[in-house]
Amino acid sequence: MQFPQWLHKVVSNLGRRFDPHSLQFQLTFGIAAMSVLGISSVTFGVAWKLDDLIISSHKKQVEHLAARFSESVEIYSEMMSVEEAIERAIAYLATEENAIWVAHPDGEIAAQSKSLARGGHDRLLLVADRRATPIPKVFHIQDNYWTICGGNLQVSGRVVGKMNIARNITVDRQMFRKLLWTLSSVSIVAIGVITIAIAFYIKRALHPLQKMSQLTASFSAEQLGKEQIYLDSAPSELHRLESAFNQMLEGFHESWEHQRQFVSDVSHELRTPLTIVSGYLQSMLRRGSNLSDPQKEALTIASSEADRTVQLLEDLLELARADSGHLHLRKEPILLNDFVTEVVEMAKQYHGDRKIEFENSSQFIEVCADFNRLKQVLLNLIENAVKYSESDPITVTIAREKERGIIHVRDRGPGIPLAQQTRIFERFYRLDEARARTTGGTGLGLSIVKTLVEGMGGTVSLRSKLGEGSTFIVSLRAIAG
Ligand code: ADP
């Protein structure tokens with residue numbers, strides 16, 4: 001059977017709304033459960049008490065009737081025979097609800113009220129004969145409820161038979177049932193209304209917490225110093241949490257600043273001497289005609305490691321500058337058709353052994369960006385495509401999509417697993433550490449690309465399939481035209 005789509009939607013919506021681990025759900029559930037318990041105990045307590053009152057009032061009436069019947073028979077018997085006295089007392093006291101009858105010791109009925117004489121009460125007579133006692137009891141006989149009491153009927157101290165008094169209390173019992181039903185329905189509605197009201201109230205009460213978590217989630221490391229949490233109409237406990245949190249944010253901001261400053265200072269201090277070392281190593285290599293092969297090899301390794309470290313320091317400085325907001329971008333209109341042609345030509349010269357193609361667009365695409373930074377971005381992406389793929393060609397294309405100018409850099413390399421696709425833009429993240437080291441990378445290239453593109457108001461993303469290659473997509477705001 002197909003699960004209807006709307007039902008599926010409703011269930012999944014409910015699933016999203018009702019998180020059984022959330023404070024909102026647990027508070028609502030707890031209070032609702034307590035109100036169910038409270039209201040139902042009050043309802044059933046009241047019902048039980050009412051039932052008890054009704055039944056005991058009937059029992060009293062039956063007891064009272066039995067006493068009056070005995071008295072009446074006693075009085076009448078002074079004026080007439082005992083049999084006549086019994087008949088007269090029955091006629092005087094019996095009604096439609098109150099049946100009275102007297103039986104001989106052998107069980108034969110001596111006299112009975114009119115309602116019994118009409119017949120159909122055999123079971124009542126039988127039950128009363130067997131189970132009636134001087135203390136009234138309630139019996140359920142053939143869809144009717146009877147309060148019955150019975151005992152010896154004495155006249156002038158002599159037992160003349162067994163008297164039975166039965167009162168039909170069915171109407172009252174039915175009324176009580178209706179009342180119980182109404183009371184239960186009202187209680188269920190009340191519980192529903194209370195639960196909804198409680199759920200709304202708790203949702204409102206927890207709103208400041210939700211707001212706090214939203215604000216916190218939107219903070220980035222760079223915003224730590226600028227952002228503060230502010231909850232306008234929150235309870236005082238949350239205000240205390242808010243100020244503790246803001247203090248913590250300030251603390252984080254300070255340590256983040258120190259760390260950034262430290263990285264920037266260290267990179268700056270190391271870059272100059274290392275550049276000098278690299279220069280000396282290269283000049284020794286150039287002029288070292290009398291060097292042995294192992295010495296040349298050692299110098300080559302030292303020189304390339306020095307270059308790699310200088311590159312790493314340059315990248316770190318660049319990121320530190322971007323983090324502290326000192327990355328000044330000079331945005332200007334750039335015609336992508338000419339710009340990409342030029343950059344691809346430049347990349348071809350660096351990587352002469354690889355086939356790099358540019359598929360120009362017939363449409364003129366102009367974007368707003370910093371010329372040198374965009375060149376850096378594109379060269380970096382082409383360099384990665386060269387480094388991490390072996391099959392040619394590497395293809396660069398441009399396109400216009402609505403208000404955006406798009407550059408695609410596509411390689412036919414091994415591709416990047418889905419789980420790592422967002423992570424490769426993180427600092428120092430590398431897919432294959434061993435391979436990345438041999439390619440001379442620092443693990444900072446893509447994070448610089450991301451910082452620069454986002455600084456220019458654009459985005460960079462990746463589409464990749466294992467075994468088919470990767471496409472890096474740079475999207476920038478296009479200039480209308
Ligand atoms: P690196 O300096 O190591 O190249 P990047 O930040 O440029 O650092 O890249 C991070 C990692 O992403 C690389 O180490 C590499 O594993 C992976 N990567 C980048 N570009 C590609 C690509 N075109 N194909 C496959 N993997 C890539």
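Quick caveat: nothing in here was measured; it's all calculated off a predicted structure. Every number for a ligand or one of its atoms is a count from 1 in the order of the listing.
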### Query
Is atom CZ of F176 surrounded by more than 12 heavy atoms (other residues, nucleotides or ligands) closer than 6.0 Å?
yes

Compile the donor-acceptor pairs under 3.5 Å between side chains in residues 343-351 and protein atoms, sequence neighbours left out, one pair per line.
residue: E345; atom: OE2; partner: K348; partner atom: NZ; Å: 3.4

Atom pairs and distances, donor-acceptor, side-chain atoms in residues 406-415, under 3.5 Å, two or more places apart:
residue: H408; atom: ND1; partner: T397; partner atom: OG1; Å: 3.3
residue: D411; atom: OD1; partner: G413; partner atom: N; Å: 2.9
residue: D411; atom: OD1; partner: S470; partner atom: N; Å: 3.2
residue: R412; atom: NH1; partner: P393; partner atom: O; Å: 2.8
residue: R412; atom: NH1; partner: T395; partner atom: OG1; Å: 3.0

### Distance-only N or O hit between ligand 1 and K387, under 3.5 Å
yes

### Query
Is there a nitrogen or oxygen of N384 sitting under 3.5 Å from a nitrogen or oxygen of ligand 1?
yes

### Message
Please check whether I424 reaches ligand 1 - meaning an N/O of the residue sits under 3.5 Å from an N/O of the ligand, judged on distance alone.
### Response
no

### Query
Is a salt bridge present between K355 and E357, judged by a nitrogen-to-oxygen distance below 4.0 Å?
yes

#### Entry: Min heavy-atom dist F472 to ligand 1 below 4.0 Å
yes

### Message
Hydrogens and angles aside, do Q174 and R177 bring a side-chain donor and acceptor to less than 3.5 Å of each other?
### Response
no

### Task
Would you mind running through ligand 1 and noting each atom that sits below 4.0 Å from a heavy atom of Y429?
10 (C), 11 (C)

### Message
Counting only heavy atoms closer than 4.0 Å, does ligand 1 sit against the backbone of I416, its side chain, both, or neither?
### Response
side chain

### Task
Please determine if G443 has a nitrogen or oxygen closer than 3.5 Å to a nitrogen or oxygen of ligand 1.
yes

#### Entry: Presence of salt bridge, R404 and E401, under 4.0 angstrom
no

### Query
For ligand 1, is E383 a contact, meaning one of its heavy atoms is under 4.0 Å away?
no

### Query
With respect to atom 6 (O) of ligand 1, which of T471, L446, D411 exhibits the smallest heavy-atom separation?
L446

### Salt-bridge present (K211, E242; N to O < 4.0 Å)
no

